[in-house]
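Proteins come first, then strands; the chains are lettered A, B, ... in the order of their sequence lines, and each starts at number 1. Model, not experiment: these values are computed from the prediction.
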There are 2 protein chains.
Amino acid sequence: MTEEHLQKAEQLLEQSRLRKTRPRLEILCVLLAADSPLTGEQIFDRITPASVDKATVYRTLLLLLRHDIVHHAYLRNRIRHFELAHHCKPDHCHPHFTCRDCGRTVCLYQAVVPAVQNLPAGYLVLHRQTRLEGICPNCRTEGFGDE
Amino acid sequence: MTEEHLQKAEQLLEQSRLRKTRPRLEILCVLLAADSPLTGEQIFDRITPASVDKATVYRTLLLLLRHDIVHHAYLRNRIRHFELAHHCKPDHCHPHFTCRDCGRTVCLYQAVVPAVQNLPAGYLVLHRQTRLEGICPNCRTEGFGDE
DNA sequence: CTCTTTTTGCAAATGATTTGCAAGAAGAAT
DNA sequence: ATTCTTCTTGCAAATCATTTGCAAAAAGAG
Ligand SMILES: [Mn+2]
Ligand SMILES: [Mn+2]
Ligand SMILES: [Zn+2]
Ligand SMILES: [Zn+2]
């Protein structure tokens, strides 16, 4: 938990007029340090050991979700993944790529997702989400010389 | 369960050389009749009452999943939704639209999803999935005259 | 019809997420 | 700084979708 993350965390809570409590700051710092969406359990594990209860982690995530400070990333399994919302525009979140080989998920911040074409009339799209699946650069180059 | 669906269901099982059992045919017929992705529970409820156990429903869905007869639709909550795979190309499934108002999800079979631009080098994309969220035509026109 | 291999039903287990409740902080007011 | 009110937390127990173990039942080959 760096000083920089801590400040950013406090700022995020202030902006939403939320109390700055230990669990909230810990959780936000974990998310600020993460480079891909995390599950409730992963967040719990990365917090200074046993300083925060798991129920509090989930409750806090729900709170942050309601305040649009974090949001869900929809990955393959039924386990929820959370990430900070500050990389997302209101109408569309960055795509996520999940490797079928190593299972790792990466955020593709710089990718550009064109709007869906030929939508039937009358639908108002407020949010768009894209999920990619395939083989990551790491797994592609592996096992070249000896297969 | 129409005669037409039953035949299609049998055909799907044959193609994957799977035994034609009562639960499998029932489940496939439910999916053939559905116009949006269904949860395990929803499928269970739509089957001729109590003729199939819920555990069997889930086990069967897993089987059909392994044989690419059905696949997951990734919707908002942590509950899995299943639908027949026969509307999808291998590299990308049709988008789903979920209404924030009424909560209903529709399959957008005819929509065209352009490829993601500006992907970092080295990623091999095998599958793409798009989820839209917003207000459906029904909910948009409602509450016009009297609000 | 018989035999072998799958598949099923039922009950119990799992595992992620929620919830009730009393004790413990935060922050406003004094 | 102290008091007071309101919001949060920890802990334990509850939920709920999904899985799993196992013995009984069904499918399909011969
Ligand atoms: Mn992300
Ligand atoms: Mn669909
Ligand atoms: Zn990989
Ligand atoms: Zn609607």
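Side-chain contact between A:Phe97 and B:Leu119: absent, with no pair of heavy atoms (C-beta onward) separated by less than 4.5 Å. The shortest side-chain heavy-atom distance between A:His72 and A:His81 does not fall under the 4.5 Å cut-off. In this structure, A:Leu32 and A:Thr2 have side chains that are not in contact, with every pair of non-hydrogen atoms separated by 4.5 Å or more. Contact check for A:Leu84 versus A:Leu28: side-chain heavy atoms found under the 4.5 Å cut-off. Between B:Glu83 and B:Cys107 the shortest side-chain heavy-atom distance falls below 4.5 Å.
Summarising the local packing, CD of A:Gln11 is surrounded by more than 12 heavy atoms from other residues, nucleotides or ligands at distances under 6.0 Å. Other residues, nucleotides and ligands contribute more than 12 heavy atoms inside 6.0 Å of the CD atom of B:Gln110.
Of the residues in residues 4-21 of chain B, B:Arg19, B:Lys20 come within less than 4.0 Å of DNA chain D through at least one heavy atom, sorted by number.
First and last contacts of DNA chain D with chain B, using any nucleotide atom under 4.0 Å from a protein heavy atom and ordered 5' to 3', fall at D:dA17 to D:dG28.
Ring geometry for B:His94 versus B:His71: interplanar angle of 30 to 60°, hence tilted.
When rounded to the nearest whole Å, the span between OH of A:Tyr58 and P of C:dG15 equals 13 Å. Whole-Å rounding puts the A:Ile79 CD1 to C:dT18 P distance at 13 Å. For B:Leu64 and C:dT7, the CG to C1' distance is 13 Å, given to the nearest whole Å. Between the NE2 atom of A:His72 and the C1' atom of C:dA16 there is a distance of 12 Å, given to the nearest Å. Whole-Å rounding puts the A:Arg59 CZ to C:dA16 P distance at 18 Å. Atom CG in A:Leu63 sits about 14 Å away from atom C1' in C:dA26, given to the nearest Å. Between the CG atom of A:Asp53 and the C1' atom of C:dA25 there is a distance of 16 Å, rounded to whole Å.
When the nearest nucleotides of DNA chain C are assigned to B:Pro23 and B:Ala55 by heavy-atom distance, the more 5′-ward of the two goes with B:Pro23. Between A:Thr60 and B:Thr56, it is A:Thr60 whose nearest contact on DNA chain D lies nearer the 5' terminus. Residues A:Arg24 and B:Lys54 each lie close to DNA chain D; by heavy-atom proximity, the contact nearer the 5' end of the strand is made by A:Arg24.
Side-chain atoms of B:Arg128 come within 3.5 Å of backbone atoms of B:Pro114 as a donor-acceptor pair (strictly under, hydrogens ignored).
As judged by a 4.0 angstrom heavy-atom cut-off over every strand, B:Arg22 is placed among residues making no nucleic acid contact.
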